[in-house]
Each structure stands twice: as structure tokens, then as C-alpha cells.
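Below is one structure, written out as C-alpha cells; comments come after it.
Values reported hereafter were calculated over all heavy atoms of this structure, with side chains retained and with hydrogens, waters and symmetry mates removed. Chain A is the first sequence line, chain B the second, and so forth, proteins listed ahead of strands; every chain is numbered from 1.
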There are 2 protein chains.
Amino acid sequence: MEGKKTVRAAERALDILLCFTRKRELSLTEITRMTGLNKSTVYRLLATLEDKGFLVRDSETDKYQLGFRVWELYANLSRTDDPAILFLPEMERLRDTVEETVSLYFRDGFERIRVQAVESLQAIRRVAPLGARMPLAVGASSKVLVAFATPAEQRAILADPSWPSSVDRERYRRQLEEIRDQGYATSVEEREAGTSAVSVPVLGRDRRMIAALAVSGPVERLTMDRMKEIVPRIMEATSRMQKMAAK
Amino acid sequence: MEGKKTVRAAERALDILLCFTRKRELSLTEITRMTGLNKSTVYRLLATLEDKGFLVRDSETDKYQLGFRVWELYANLSRTDDPAILFLPEMERLRDTVEETVSLYFRDGFERIRVQAVESLQAIRRVAPLGARMPLAVGASSKVLVAFATPAEQRAILADPSWPSSVDRERYRRQLEEIRDQGYATSVEEREAGTSAVSVPVLGRDRRMIAALAVSGPVERLTMDRMKEIVPRIMEATSRMQKMAAK
DNA sequence: AACTTGGTTTCGATAGGTGAAACAGCTATT
DNA sequence: AATAGCTGTTTCACCTATCGAAACCAAGTT
């Protein structure tokens with residue numbers, strides 16, 4: 001599939017690191033189970049990761065968790081212009097007016113990734129783990145991220161062989177046009193049972209999309225009417241975000 | 001040195017990742033130079049890192065930079081109880097009252113690492129890159145981090161063979177006692193010419209130290225007298241932080 | 001046209017990573 | 001006390017996947 005020549009040992013080490021996006025604390029055996037690798041292989045790789053400071057182990061439980069080095073790398077990632085931090089205040093403000101969970105998504109290849117979220121304060125609410133990756137085929141934000149991508153990107157995405165066959169591409173394509181027209185997308189129990197969502201693109205200067213901002217919640221509360229009602233609220237937020245991103 | 005059996009390929013991959021803490025954008029040849037590895041080795045490892053999403057390459061310059069996966073990992077690092085975020089408001093408050101740069105340091109092995117910083121708003125100020133690593137032998141925060149470590153940790157640190165010979169251990173040990181007595185440490189042009197700093201430990205519940213909070217600035221402005229003056233300010237901040245950390 | 005400078009590919013030799021299995025240390029169960 | 005069961009750790013012989021030199025391209029420079 002991937003033509004590139006890669007290094008297996010390194011690949012495995014990175015896979016192990018990524019296990020920690022699913023669970024904060026992991027023991028050696030848990031990791032061997034998750035990765036399907038041999039126990040001693042994992043053992044050696046864990047030793048390397050620990051040695052380099054990417055993992056630390058809790059002195060009591062002996063379980064591993066992500067170490068300082070991750071933090072260090074993060075600190076050198078984007079930073080000042082990091083929308084995940086930059087937009088946070090605006091997202092909180094939106095959350096307070098609509099009283100539902102607000103999420104910010106980026107597109108990364110054929111997936112979207114939740115880079116920031118502030119949760120509704122209501123008892124019944126959508127919980128949204130950061131860093132979660134989801135397919136581009138379903139969900140309001142996915143459709144926004146595809147609809148406002150450049151034509152070339154769009155072609156690439158729709159040509160993706162891993163696209164689920166359950167999603168009718170023609171119908172999807174028509175939806176995209178509609179979304180471009182009205183400037184927002186909605187979804188009702190599309191990706192996740194019991195939740196619906198509205199999403200709006202966040203455009204940078206030169207009109208290129210940088211992210212999708214979404215409000216999501218339980219279907220009972222977030223009806224179609226309610227969503228249409230709050231679209232202007234979201235747009236206010238995104239337009240302010242766009243001003244921030246422009247400077 | 002390190003008795004543990006580690007995996008070389010993985011080690012190298014991680015080394016390459018860490019190069020990006022020094023420079024945000026790197027090309028293949030730059031990395032080969034920095035690491036001293038063979039060009040094709042680096043090439044393959046970069047392919048692996050890119051494949052796994054830890055690096056992305058800029059379509060124009062062809063240079064690599066850290067990718068989303070780093071963000072994803074970070075998002076799953078501590079988080080809720082992450083002092084780097086938790087203490088930020090308190091640090092800003094302190095910055096506003098003392099009008100100097102405020103930094104938060106953790107100890108990691110035989111180094112300290114700047115995990116958070118808010119900069120003085122004055123024109124002349126200490127700039128403080130996040131994630132920077134510094135030796136434990138010099139600097140106000142280093143001394144705090146050593147002085148308030150557990151006896152066992154302290155022994156380990158002082159026994160570190162890489163300890164610079166220029167630092168007199170006996171004198172250092174006496175300083176530590178003094179610091180424990182008075183509850184804070186100062187330094188004048190110790191690690192960095194032209195800057196001085198005051199530092200105070202942030203203790204968690206059960207009195208164990210979790211970090212060192214420091215105020216630093218140019219020697220002209222941050223005189224000994226001035227530092228003694230602001231010690232109570234810092235302590236107010238740390239005591240509030242301690243309450244936050246306790247819950 | 002010869003010479004850089006950067007990324008990419010090939011290929012044979014062998015370092016070194018791999019996995020099975022044994023070991024050790026601990027707790028729960030009999 | 002003996003047993004079983006679950007960790008993490010270490011050993012070792014095999015052989016594959018990794019490595020580095022060198023060749024190869026493709027763009028710029030001189």
C-alpha cells in the first residue's frame with residue numbers, strides 16, 4: 001500500500017506511543033495485547049522510549065505513561081498561532097451562549113481530528129476526547145471539512161479507496177454543494193447514535209479553510225430547528241476567530 | 001552507561017524527533033548533519049515518521065516539521081491535572097503584579113525543563129522558550145528543585161558524574177540548606193549573563209515538591225533588594241497553586 | 001558543460017533485532 | 001506450604017530487516 005521504505009522497529013515504537021492516545025496508563029502486557037507484538041519486543045521498545053524520556057513509569061503501579069519529551073515536542077509545535085489555544089476563549093464564549101459542547105476539527109489526510117473542545121455544562125452532554133480521529137465520510141464537521149477543501153483536495157478525498165461503501169458518493173457530492181451554498185452542515189445520528197451536530201468552516205485570510213467549528217449534543221435537545229437557530233451564533237464566533245487568525 | 005537493552009532504530013527515530021525542539025523546520029540534510037547519521041538512514045526514518053504522522057512536510061520547501069500526532073499525544077498527556085495549564089492564570093496574575101517574566105520548571109532526571117512561562121510585558125525582558133532544558137547545577141530554580149527534592153533524589157543528583165567540575169559541591173550543599181531555611185533561592189548572572197532570578201517551590205499535598213516557580217529579569221531591574229521584595233508575592237501565588245493542585 | 005547541493009533508490013554484508021522459552025518475583029488460591 | 005497464575009526481565013541462536021556506500025536524478029550555480 002505505502003510504497004515508501006520504512007523502518008519497522010521505529011514504526012513499532014511509534015505504534016506503541018500511539019497506544020497512549022487510547023489509555024493514559026498502560027502496562028507492558030496491555031501494550032503487547034493492543035499491538036499484537038511479542039512481549040520482549042515491546043519490552044525493549046518500552047525501554048528505549050523510557051530512556052529517551054517519551055515514556056515514564058509510575059513508581060508504584062509500574063505502568064507507563066507519556067513523558068516530558070512529548071510535552072517538549074508539543075511546546076515546539078506551532079504555539080503562537082496554534083488555533084487550538086488561540087480559539088479557546090472564543091469557543092468557551094460560544095459554549096456559554098448555546099449551552100452545548102463545542103469542538104474544533106482539523107482535517108489530516110483522510111481523517112478529521114478533534115483539536116480542541118469545550119464541553120456543555122449540562123448534565124446530559126456530549127463528551128469529546130481531544131485528539132480523537134474520525135472518518136471524513138460521516139458527521140457534520142466532516143462534510144464541512146470536505147466541502148470547503150480546495151477542488152484538488154476534494155478529488156483526492158473522494159477518490160480515497162478506504163471510503164466506506166455504505167456512503168453513497170453521489171448523494172454525498174450533492175450534499176456538499178448544498179453545504180457550500182448555505183455555509184454550514186448538520187448531521188443527525190450520522191456518526192454516533194443519539195447525537196446531532198451543526199458545523200461551520202473557519203476560514204483564514206485568502207478564504208482558505210483552516211478548521212471546522214461544531215456544536216454537538218443529544219438529538220432531543222439539538223433538533224433541526226434548534227440547530228438552524230444557533231447557526232448565526234456559530235458564525236459570529238467563527239468570524240471573530242477569523243479576525244484573530246488573520247493578524 | 002545505561003544498562004538497559006534498547007532498540008537502535010527506534011532510538012534514532014526519537015533522536016530525529018527531538019531535533020525539532022531546536023528548530024521548527026528541518027530538511028533531510030540538516031538532520032543528517034545534526035544527528036551524524038547516514039543520509040539514507042535518516043531518509044528512511046523520516047519516511048517512517050511521516051508515515052505515522054509525527055512529521056509532515058511543507059509542500060513548498062520540502063522541509064519537515066512536527067505533525068499532528070504530536071498534538072494528539074500531548075492531548076492525552078496528563079491534561080486535567082497538568083500544572084502547565086492549570087497554573088497559567090495564576091502565573092499571569094503574578095506577572096501582572098511583579099511585571100517580570102514568570103516561569104514554571106519541572107525536574108526531569110538531571111535537568112530541569114521549563115514547562116510554562118508568561119513573559120514580562122516590558123520592552124526589556126527575559127524571553128523564555130518553552131520546553132527548554134537546563135542543567136541542575138546553576139540557576140535559582142535549579143537550586144530550588146534540588147533543595148526541596150527528597151533526600152534520596154538529592155543524593156542521586158549530587159552523585160551525577162556529569163556534574164560540571166566548575167561548581168563546588170560543598171558550597172552548593174551549604175547553599176541548599178540556606179534555601180531550605182528561607183524557602184526561596186536567588187541567582188545573579190549564574191546561568192545566563194545579564195539576568196537574575198528568584199525561585200520558590202510549589203509543593204503539592206503531602207509536602208512533596210511538584211515544580212519551581214521563578215521570576216526572572218535583567219540584573220539592573222531585578223536587584224537583590226527587589227527580589228527580596230517580591231518573594232512574598234511569589235509565595236502568595238504558589239500557595240494558591242498548591243490549593244489548586246490539592247483538589 | 002562541469003560542478004554543487006539536495007533528495008531518492010539500489011544492493012550486498014552482516015549487525016543487531018527478533019521471538020521462544022526460561023527465569024524471577026509477587027499475589028491469590030488450594 | 002505448595003500450587004498456580006500473573007507480572008516483568010533476561011537469555012540466546014537464528015536469520016531477517018537494517019545499514020551505509022555508492023550510484024542516480026533533478027535543479028540550481030558557476
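The 12-atom threshold is not exceeded at CZ of Arg208(B), counting heavy atoms of other residues, nucleotides or ligands nearer than 6.0 Å.
Between the CD1 atom of Ile31(B) and the P atom of dT8(C) there is a distance of 12 Å, given to the nearest Å. Protein atom CG of Leu45(A) is 15 Å distant from nucleotide atom P of dA17(D), rounded to whole Å. In this structure, the NZ atom of Lys63(A) is 14 Å from the C1' atom of dG8(D), given to the nearest Å. In this entry the distance linking CG of Leu28(B) with C1' of dC25(D) reads 15 Å, nearest Å. One atom, CG of Asn38(B), and another, P of dT8(C), lie 15 Å apart when rounded to the nearest Å. Between Glu11(A) atom CD and dG17(C) atom P there is a gap of 16 Å when expressed in whole angstrom units. The distance between atom CD of Glu30(A) and atom C1' of dC6(D), rounded to the nearest whole Å, is 13 Å.
You'll find a donor-acceptor pair under 3.5 Å spanning the side chain of Lys39(A) and the base of dG8(D), going by distance alone.
Summary of the strand contacts: Val7(A) and Ser27(A) both lie near DNA chain D, and taking for each the nucleotide with the nearest heavy atom, the more 5' one is attributed to Ser27(A). Between Arg33(B) and Leu37(A), the residue anchored closer to the 5' end of DNA chain C is Arg33(B), taking for each the nucleotide with the nearest heavy atom.
Residue Arg12(A) places at least one side-chain N or O closer than 4.0 Å to OP1 or OP2 of dT18(C). Look at Arg8(B) and you'll find a side-chain N or O under 4.0 angstrom from OP1 or OP2 of dG17(C). Note on Thr41(B): a side-chain N or O is less than 4.0 Å away from OP1 or OP2 of dG20(D). Between Tyr43(A) and dG8(D), a side-chain N or O to OP1/OP2 separation shorter than 4.0 Å is absent.
Distance check, rounded to the nearest 0.5 Å: CG of Leu17(A) to CG of Leu55(A) gives 5.5 Å. Atoms CZ and CD1, on Phe87(A) and Ile210(A) in that order, are 4.5 Å from each other to the nearest 0.5 Å. Here NZ of Lys52(A) is found 7.0 Å from CG of Leu18(B). Values are rounded to the nearest 0.5 Å.
Among the atoms of the strands shown, only primed sugar atoms or phosphate atoms (P, OP1, OP2) are found under 4.0 Å from some heavy atom of Thr29(B).
In this structure, Phe20(B) and Gln65(B) approach most closely via the heavy-atom pair CE2-CA, 3.7 Å.
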